[in-house]
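Numbers here are sequence positions counted from 1.
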Amino acid sequence: MARYNRWMNERLYRAAATLPAAELARDRGAFFGSILGTLNHLLVADLIWLRRFAAAPGAHPLLAQLQAMPVPSTLDATLFDRLDALAAARGRMDALIEAWSGALDEAALATPLRYRNTAGKAFERETFGLLMHLFNHQTHHRGQVTTLLSQAGVDMGVTDLLALLPVAEAPAADDGTHPH
């Protein structure tokens, strides 16, 4: 999922970069307003979640890299108002997510994480489920951005996870018939 997440974000940012800055920032009526607003929200949410994982007892040392990244104050915070700066931060975040999630073993994935949501309510959930939520959240909002891009005349092309899966040739049928 981390590899797919990185791949899709790279493609999404390349597609977004074909639009002028004013078009990226234009309010399109989406939940986070603009393409740029939605892309900022995705980085904000990942920062919030990874900081929660980093605050847990026995947190993986890779998460120490978060110290060099911005601390969002709200879910709709604009961390970067230029796509190139946002893309660079997104690239660093995706590399961190890929390295960190790849380093987790089954015991770490089964470990519960205690955290508070942005409203201050306490929760405890299994790390694996929360990691899947992080990836699902990305997919949800990337879908919104691909719609906004499409409305602006930019075609994202294939976005399915299947595009990353290797294709295996199906075994030939041994039913006595020939394929012609």
Side-chain angles (χ1 to χ4, degrees), residues 1-55 59 62-101 113 115-121 123 125 129-161 164:
M1 290 305 298
R3 195 175 94 214
Y4 169 74
N5 188 65
R6 177 182 43 82
W7 177 74
M8 275 305 305
N9 282 333
E10 288 169 354
R11 293 184 65 240
L12 191 68
Y13 276 80
R14 276 195 305 272
T18 66
L19 292 174
E23 284 298 303
L24 293 170
R26 185 166 68 86
D27 190 335
R28 298 174 179 275
F31 194 80
F32 291 97
S34 65
I35 293 168
L36 196 62
T38 305
L39 293 174
N40 265 286
H41 168 70
L42 281 170
L43 183 60
V44 164
D46 285 357
L47 283 164
I48 289 170
W49 275 110
L50 264 66
R51 286 183 187 283
R52 289 173 181 160
F53 289 118
L62 282 168
L63 295 178
Q65 294 175 41
L66 291 168
Q67 298 306 314
M69 296 183 179
V71 179
S73 56
T74 62
L75 290 173
D76 63 351
T78 299
L79 300 174
F80 299 95
D81 59 3
R82 288 188 3 251
L83 185 67
D84 60 343
L86 183 57
R90 176 80 261 166
R92 288 189 301 275
M93 176 60 76
D94 287 345
L96 175 57
I97 290 170
E98 196 167 3
W100 170 69
S101 64
L113 176 71
Y115 66 94
R116 292 189 178 278
N117 68 9
T118 55
K121 186 174 179 185
F123 291 91
R125 293 191 168 114
L130 294 172
L131 186 56
M132 289 302 100
H133 168 72
L134 181 133
F135 293 130
N136 187 63
H137 180 259
Q138 282 270 343
T139 299
H140 169 71
H141 287 297
R142 274 195 306 261
Q144 292 174 337
V145 173
T146 60
T147 297
L148 298 174
L149 288 170
S150 177
Q151 291 169 352
V154 178
D155 181 11
M156 270 293 298
V158 175
T159 61
D160 291 332
L161 175 61
L164 276 183

Over-ring placement of R3 relative to W7, 6.0 Å and 45° cut-offs: no
Geometric class of the H41/H137 ring pair [parallel <30°, tilted 30-60°, perpendicular >60°]: perpendicular
Stepwise side-chain contact (heavy atoms from CB on, under 4.5 Å) test for L39 and F80: CA-CA 10 Å; L39 293 174; F80 299 95; over 6 Å; no
Test side chain to side chain donor-acceptor pair (under 3.5 Å) applied to R142 and T147, N5, T38, the passing residue: N5
R92 side chain vs Q65 backbone, donor-acceptor pair below 3.5 Å: no
Nearest-0.5 Å distance, CG of residue L130 to CZ of residue R52: 8.5 Å
Heavy-atom donor-acceptor pair, R6 side chain to A95 backbone, under 3.5 Å: no
D46 CG to I97 CD1 distance, which is reported to the nearest 0.5 Å: 4.0 Å
Nearest heavy-atom neighbours spanning L149 and A15: CD1-CB, 4.0 Å
Flag, side chain of R51 to backbone of L66, donor-acceptor distance under 3.5 Å: yes
Distance-minimising heavy-atom pair for F32 and L75: CE2-O, 3.7 Å
Interatomic distance, D27 atom CG to I35 atom CD1 [nearest 0.5 angstrom]: 11.0 Å
Verdict with supporting geometry, M93 and L50, side-chain contact (heavy atoms from CB on, under 4.5 Å): CA-CA 9 Å; M93 176 60 76; L50 264 66; 3.8 Å; yes
Nearest heavy atoms of A30 and L148, plus distance in Å: CB-CD1, 3.8 Å
Shortest non-hydrogen contact from A89 toward L43: CB-CD2, 3.7 Å
Nearest-0.5 Å distance that lies between atom CG in L113 and atom CG in L131: 11.0 Å
CA sep, side-chain torsions, deciding dist, call: D94, E98, side-chain contact (heavy atoms from CB on, under 4.5 Å): CA-CA 6 Å; D94 287 345; E98 196 167 3; over 6 Å; no
Distance, nearest 0.5 Å, that separates CE of M1 from CE of M8: 11.0 Å
Distance, nearest 0.5 Å, that separates CG of L42 from CG of L79: 11.0 Å
Smallest separation among heavy atoms of A54 and A59, with atom names: O-CB, 3.2 Å
Minimum side-chain heavy-atom gap Q138-N9 below 4.5 Å: yes
Side-chain donor or acceptor of N40 paired with backbone N/O of L36 under 3.5 Å: yes
Nearest non-hydrogen partners of L83 and A16, listed with the distance: CD2-C, 3.8 Å
Under 3.5 Å: donor-acceptor pair, side chain of R125, backbone of Y115: no
